[in-house]
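Everything numeric in this text was worked out from a predicted model, so none of it was measured. So you know, we letter chains A, B, ... as the sequences are listed, proteins then strands, and number each from 1.
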Amino acid sequence: MARQTCPSRSRANGSGEGVDRQDDTAARRISMSQAGAVCVRNRTGGAYTGRHAPVSPPRPGAVRFSPMSDSPVVTRFAPSPTGHLHVGGARSALFCWAYAKNRAGRFMLRIEDTDAARSSDDSARGIMEDLAWLGIEWDDGPALPLSDGRIVGGDGRGVGPFFQARRVPLYDRCAEQLVKSGRAYPAFESSDVIDGQRREAVAAKRTYRYPRPAEIEPGRFNDGLKARWDRALAGESHVLRFVVPSHEIIVQDQVLGEVKIAAGELDDFVIRKADGFPTYHFAVVVDDETMGVTHVMRAQEHLANTPRHVALQQALGFRTPAYAHMPLIMNMDNSKMSKRDKAKVARAKLQERVAQGLTTQDAAAALGIPQAELAAFLAKENDSLAVAEKIARVYDVPLPEIEVCDFRAAGYLPEAMCNFLGLLGWNPGMKTADGKDLEKFDLAFLRQHFSIERIGRTNSKFDRVKLLSFNADAIGALPDTEFAARWRGWCEEFEPTLARAVPSDRWAWLARAVKARARTFRDGAKAASFAVLDDATYPFDPAAVAKHLRASDGAGLRLLADARTRLAAAEPFEPEVLHGILEQMSQQHGGMGPVAQPIRVAIAGTAVSPPLPETLAVLGKSRALARLDRCIGLAST
RNA sequence: GGCCCCAUCGUCUAGCCCGGUCCAGGACGUCAGGUUCUCAUCCUGAAAACAGGGGUUCGAAUCCCCUUGGGGUCACCA
């Protein structure tokens, strides 16, 4: 459970200049011919390797925009920058990346920021940094400078810009083409009016479908349509709606097989909003075509959208890319995994406190937010992440990790995340040498063996317990020196007190002692907490004192004096020497147990700590002796 | 509710396309032992699933149908 908010965004991006939004426009070379038809060329063969038949046959007349002739496969991850990178999104990105790499193709990152109100540059940068942290690097997309000086992304194929908000003229041209060919029309109802009609339909248990105006004739730019277009051109507020075809639409999905949508199921959906931005459906179709995307791999929640996309492609004369819809990642309770889960947990915990007598006035004051805002949150009127995170901080409520940065802050390794995510909905179907299912692999393995054929069809639950086990194994597999360095790096960012408390020349001992106890970096920090205790004030666990110091008529306590003498003479004060001293003592006192436990309680205050030699050595002689003295002094009073 | 997708241990899954070698294999978790200075690691072992019902077949986890269950989607969000 993560206790922290997402890490600062400064690390992966050394210069802090962030994503380069201007640059990628300059390199743009989208060629458009007359009437807005986009230049395309034939897709290179061999793209269809799924377990099912190829998608609809190539349209003879269609040519395809040709960015680079020698890389047939192009996949893309296209998040909307409205928050952090979700683990589901990370899985999609991972699979898209793996497939492109496996096919010697290119993996592209495109930012779908057509929702002007909710998109932010910070969020876009955060998503890129999370991807980079996972090791999922894009060939085409916004340029992201890494801390090691490398730059991920760029516009090597000349298909940018990669922010949809910068591609609006392109969408406008395609939209006009659609209108002029009688496949789209301006509609002037306000969204309030439409919403009202929709509500009415739902109340009457009818499926709402936007009624196509009588004067609209599919495929004809007639007088009625021209009149509407003129009104739109004159500046009247409108949306553009697509004239959906009246025939059945068949999607050939590489994972699911043939998916048919009966004629009449779709209504004339909006392709351009009143603010002039394209809707998702329209932008994806235009971009996937103009950016040369050959394979669209995305979560199954998009399956129902696909017929719209196919219809749009046909109307625009575009090719249909290969589709592969991946199963969804669910919570353990089978609900959809969502960042709202954080709000749910925070709300539930705070309500518990309220039930125990906490007043909302006090809570709002403690949280530093207006009471009305808290009331709205508690009444489920919103799922504010900011409020949830404040509650988590103030009331020490662990929020579930949902986003990639949550896992990073919680001390997970990117390689463990990728391995675990790689097994959610995909499986190599291979055995290890001893005949067990192969399930531990790295990115290199994934890019070498990934295939669409082995993507599953059933939703999977995100089992944090198994992830934790994977992470523990990944930590265990790290060489000691690497663990030490990476754990230190993590501590400097997330547990700076610990990083400062242990001199760097003693860190290796700490790391060695902590490694087996660290299922996550945070666990490791917990196991090392003895090191940050204040020598003069750390508490003693009464039960441990009773059991290991006072029991047997104070045998443990008496032993401490002997230990103090021997430790004071230890030179150098290092694990090997200290281990030798403890060994000697154990021979005189009937075993290691009766020796180690009293000392452990004395220097750590509890009956639990990493192995004593390392624990002592990390503290150093003066701190260790000071603690021993303090314990002896306190116990004898 | 309409439309669409899915269905092997608690969970992730192998096996299913090309029926017999599967009284279903692995992993996580759980339980029981063992190693150990505490905690942890590590080692050994055990319990644990083909949703139900019909077909087809000599034979079905594997093919077909129905039922049930789960999920997705029905926005000027993506």
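If you check the side chains of A:N331 and A:S335, you find a donor sitting under 3.5 Å from an acceptor. Using modelled atom types, one finds no donor on one side chain facing an acceptor on the other under 3.5 Å when comparing A:E401 with A:Y412. A donor-acceptor contact closer than 3.5 angstrom is absent between the side chains of A:Q164 and A:R167. Remark: the A:E112 side chain and the A:Y280 side chain contain no N/O donor-acceptor pair separated by less than 3.5 Å.
Screening residues 267-277 of chain A for side chain to side chain donor-acceptor pair (under 3.5 Å) gives A:D172-A:R272, A:Y185-A:D268, A:R212-A:D268, A:H238-A:R272 as the qualifying pairs, with residues at least two apart or on separate chains. Within the structure, the side chain to side chain donor-acceptor pair (under 3.5 Å) test picks out no pair touching residues 86-95 of chain A (sequence neighbours left out).
For A:I581 and B:C37, the CD1 to C1' distance is 15 Å, given to the nearest whole Å. Per the geometry, CZ belonging to A:F242 stands 18 Å off C1' belonging to B:A75, to the nearest Å. Per the geometry, NZ belonging to A:K461 stands 20 Å off P belonging to B:C28, to the nearest Å. The separation between A:F470 atom CZ and B:U11 atom P is 17 Å, rounded to whole Å. Atom-to-atom, NZ of A:K440 to P of B:A27 comes out at 10 Å; the value is rounded to the nearest Å. A:R209 has its CZ atom 11 Å from the P atom of B:A75, to the nearest Å. Per the geometry, CZ belonging to A:R272 stands 19 Å off C1' belonging to B:A78, to the nearest Å. Atom pair A:M592:CE and B:C37:C1' shows a separation of 6 Å (rounding to whole Å applied).
The local environment of CZ in A:R198 is crowded, with over 12 non-hydrogen atoms from other residues, nucleotides or ligands closer than 6.0 Å.
Both cation-pi conditions hold for A:R627 and A:Y538: the charged atom is under 6.0 angstrom from the six-membered ring centre and inside a 45 degree cone around its axis.
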Which atoms of nucleotides 67-74 of chain B (N or O only) lie under 3.5 Å from a protein N or O atom, and what are those distances?
residue, atom, partner, partner atom, Å
B:G70, O3', A:N334, ND2, 3.3
B:G70, O2', A:N334, ND2, 3.0
B:G71, O2', A:N459, ND2, 2.9
B:U73, OP1, A:K336, NZ, 3.1

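Base contact: A:S190 has a heavy atom under 4.0 Å from a base atom.
Distance noted for atom P between B:U62 and B:C17: 9 Å (whole Å).
Candidate nucleotides B:U13, B:U11, B:C3 were compared by shortest atom distance to the side chain of A:T458, and B:U13 ranks first. Among the nucleotides B:C12, B:C37, B:C77, the one closest to any side-chain atom of A:R118 is B:C77. Taking every side-chain heavy atom of A:H281 into account, B:A78 is the closest of B:G26, B:U38, B:A78. Nearest to the side-chain atoms of A:P613 among the listed nucleotides B:C37, B:C76, B:U11 stands B:C37. Distances were taken from every side-chain heavy atom of A:R600 (C-beta onward) to each of B:U38, B:C3, B:C6; the shortest belongs to B:U38. For A:S460, the listed nucleotide lying nearest its side chain is B:U13; candidates were B:U13, B:C3, B:U41.
Taking 4.0 angstrom as the limit, A:R298 places none of its side-chain polar atoms (N or O) nearer than this to OP1 or OP2 of B:A78.
In this model, a side-chain donor or acceptor of A:K466 finds a partner on the base of B:A27 within 3.5 Å.
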